[in-house]
Amino acid sequence: MSTNRRTHRNCRGWRRRMAGWWRTCGSTRASHASGRQHDEGCPTRGHRLTVLSARSGVEHATARRVRTVVRALFASTGLVLVLDAISARVYAGGSDRATAILEGQAVGSGNVLLHGWILTHDSFWTIDAFFYALAVRIGGLRPGLLNLEPALAVAIAVVAGAFVASRGHRGGAAIAGATTAVVLLAFPTNAMSSFLLGGPDHVSTAVLALLAFIFLRRGRFDWRWAAAVAALAFGMLGDLLMVAYGIAPVLGAGVVSMLRKREWRSGIAAVTASAAAIVASELVSWLARVMGAFKSVDGVSVATFAQMLVNLRHVLSYGAGLVGFTYGFDAGRVPTVLQDVHVLGALLIVACSAVAIANLVRGVVRGRRKAFGAEMEAERWWLDDVLVIAIFGSAMTFVVLAVSGVPGTRYLVATIVFASVLSGRIVAQAWQRLRPGRMTRAVCVAGVAASLCFAAGLGCMLAQPVAAQSASTLASFLEAHHLRNGVGGYWAASITTVESKGAVTVRPVLADPDGELGRYMKLSSANWYAGQHFQFLVYETPVYQGVDSASAVRTWGPPAHTYVVGGYHVLVWSNTFSVAPFPPPQDQAQPAGGPSGT
């Protein structure tokens, strides 16, 4: 009896489902012109009806996005590893980046505001220092961080650049734009690699600027606007070059947007974002000072007017050397034929930049009183405009700040980054105009061939030996002789501390006007000197800022032993000595510029 009831209920349920399905098919049949066509579309025999819910579609889309994110993370991890290996071959490390690592170590130890520190205006407090704080907490103080952070910064720049290059485009155009940005940034020349992966060269600041451009591309007052303000403000807190890399370009792009559309509302989000970022940065900086944060000193050397005129000429010559137009810089062990292929990339950057500049000028002159037909179109030209202005803004930092010839080329690194991303955007726009045929196939073949040559050049860089670090030998010598705590010239101090993984600490000193040695009054912490008893002094030749044996003898008397380790001189005293953490004002020698001067 129970079996018959279950069978009866199943039959009734089946009949209800079939009746509902038949009503659905009937309504669909009524909407068709021909009943026969509907009968073919609604199977009634031997077929099972499958109903896909909207929730199922959303789940599939979510799963697809998750898979895309996972693939991107794996690709980014691989890129970081490759760039880290290249960085180790083109950049041995220096005290500028080592000081940033020690700064991060202090942040990770709880001194978030860096109380007692004296830093320059490019302190990287809110940029690199927080990465180093996390890295030191996880893996400890180690020399590998000298190369890992620039590799990670460049990898993020590649991802952000690909995203910016593809915005406003779909399908093949988006792929072409993103690929162009990736190839130009991830497969640089040997010269560009030495600056891009050395440092600190403000690459992280350029990355924050790119993120702000992404958030502001729609010109709305929403959470994206707040995120852009935060990115610009945090960048300015850690590096004043954010003014040229992000704040001024955003302001300029907002004004250009108003001129393009002949409507002030179209650019008000960008203009207010730049103003809000300045206010927020100054407010946070004031609050930090009130709470006892680090002291900022002027570490910038501004070029003379005559040098600025020379720098204007060098913008093109040095920039050409970075992108592969000329051989003004060392090509490493990359074969000449592979170096020559980079001329194609350089020509592409120049041509795309010229097209974007022409589009900006034409848009401002002609203007469009009516709103664009699609929001996507406005998003396209706004990103192009802000990148063009960022190129000029970052190039001006080289003109104004480069006082040391070729080393000043580091200020052009951000210019090449912005120009590479802009090239990707212009390529995406050009791709949309291509029609399937021989021309399209020829462009694809040429692009793939050039990319493979760029990658082969990267492989040649990987085949080079790791850059030798003389401070590593010095650290081993000091540790073997039980010399754990000492002072030294700036370029020998922090790098030795990092190379020894903290087993040996060397704190920077410099000579005052009287020729006596004291605390280096920037890029240092008072805790490094307070209550410390030092055993030795390290200096290298050529002598930097008066740190040598004569000034050491004048300050602490004759040493008991003197050693020569490679290019370093090590002076050891039989009795320990101290260095005042806050010397009297008349004894504070603080030269303008110097290391890490923005």
Side-chain angles (χ1 to χ4, degrees), residues 76 80 83-84 87-88 91-114 117-160 195-212 230-246 281 284-285 288 293-294 296 299-300 394 397 410-411 413-414 417 490 493-495 497-499 522-525 595-598:
S76 300
V80 170
L83 293 175
D84 179 65
S87 177
Y91 176 66
S95 279
D96 277 351
R97 189 163 290 281
T99 301
I101 294 175
L102 298 177
E103 183 181 334
Q105 183 186 36
V107 171
S109 299
N111 189 8
V112 178
L113 297 179
L114 296 176
W117 281 70
I118 300 177
L119 300 171
T120 59
H121 294 303
D122 56 342
S123 63
F124 301 105
W125 170 46
T126 54
I127 308 175
D128 296 3
F130 278 92
F131 165 79
Y132 287 130
L134 180 61
V136 172
R137 292 288 293 179
I138 294 175
L141 185 65
R142 51 192 179 88
L145 295 176
L146 292 164
N147 304 111
L148 180 60
E149 193 277 337
L152 182 62
V154 173
I156 296 175
V158 170
V159 174
F195 288 101
L196 189 65
L197 294 169
D201 287 328
H202 312 282
V203 177
S204 302
T205 310
V207 170
L208 285 177
L210 285 174
L211 294 178
L232 295 173
F234 271 86
M236 186 176 173
L237 277 170
D239 187 1
L240 275 183
L241 289 190
M242 176 56 84
V243 175
Y245 290 2
S281 175
V284 174
S285 179
F294 64 90
S296 292
V300 181
S394 55
T397 62
R410 67 184 185 273
Y411 294 114
V413 169
V417 171
Y490 175 81
S494 295
I495 184 63
T497 303
V498 173
E499 286 291 332
K522 64 179 180 182
L523 302 175
S524 64
S525 170
S596 191
T598 308

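In what follows, every heavy atom counts, from backbone to side chain, and hydrogens, waters and symmetry copies are set aside.
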From CA spacing to verdict: side chain to side chain contact (heavy atoms under 4.5 Å, CB included), D96, Y490: CA-CA 9 Å; D96 277 351; Y490 175 81; 2.6 Å; yes
Looking only at heavy atoms, the pair that brings A100 and Y132 closest together is O-CD1, 3.5 Å
Is the shortest side-chain heavy-atom distance between I156 and L211 below 4.5 Å? no
Heavy atoms of other groups near F131 CZ, more than 12 under 6.0 Å: yes
Audit row: V107, L114, side chain to side chain contact (heavy atoms under 4.5 Å, CB included) steps and yes/no: CA-CA 7 Å; V107 171; L114 296 176; 3.6 Å; yes
Can you name the one residue among T126, V284, D239 that meets side-chain contact (heavy atoms from CB on, under 4.5 Å) with F234? T126
Could you check whether any side-chain N or O of T205 sits under 3.5 Å from a backbone N or O of G235, counting only pairs where one atom can act as donor and the other as acceptor? no
Can you list the residues that meet the ring-ring contact (aromatic ring centres under 6.0 Å, His included) rule with F294, with sequence neighbours excluded? W125
Show your reasoning for whether side chain to side chain contact (heavy atoms under 4.5 Å, CB included) applies to I101 and T497. CA-CA 10 Å; I101 294 175; T497 303; over 6 Å; no
Rounded to the nearest 0.5 Å, how far apart are CG of L113 and CG of N111? 7.0 Å
When the ring planes of H202 and Y411 are compared, do they come out parallel, tilted or perpendicular, using 30° and 60° as the limits? parallel
Nearest 0.5 Å please: distance from the CZ atom of R410 over to the OG1 atom of T397. 10.0 Å
Given side chains that start at C-beta, do those of L83 and L197 come closer than 4.5 Å, heavy atoms only? yes
Can you tell me how far the CG atom of L523 sits from the CD1 atom of I118, to the nearest 0.5 Å? 9.5 Å
Could you go through residues 141-155 and list every donor-acceptor pair under 3.5 Å that involves a side-chain atom there, pairing it with any protein atom two or more places apart or in another chain?
| residue | atom | partner | partner atom | Å |
| --- | --- | --- | --- | --- |
| N147 | ND2 | S87 | O | 3.2 |
| N147 | ND2 | S87 | OG | 2.9 |
| N147 | ND2 | Y91 | O | 3.1 |
| E149 | OE1 | R97 | NH1 | 2.5 |
| E149 | OE2 | S204 | OG | 3.2 |

Looking at S95 and S494, what are the two nearest heavy atoms and their distance? OG-N, 3.7 Å
Testing the basics here: between E103 and S123, what is the closest heavy-atom pair and its distance to 0.1 Å? OE2-O, 2.8 Å
Could you state the interatomic distance from CG (L237) to OG (S285), rounded to the nearest 0.5 Å? 6.0 Å
Rounded to the nearest 0.5 Å, the OG1 atom of T99 sits from the CZ atom of F124 at a distance of 11.5 Å
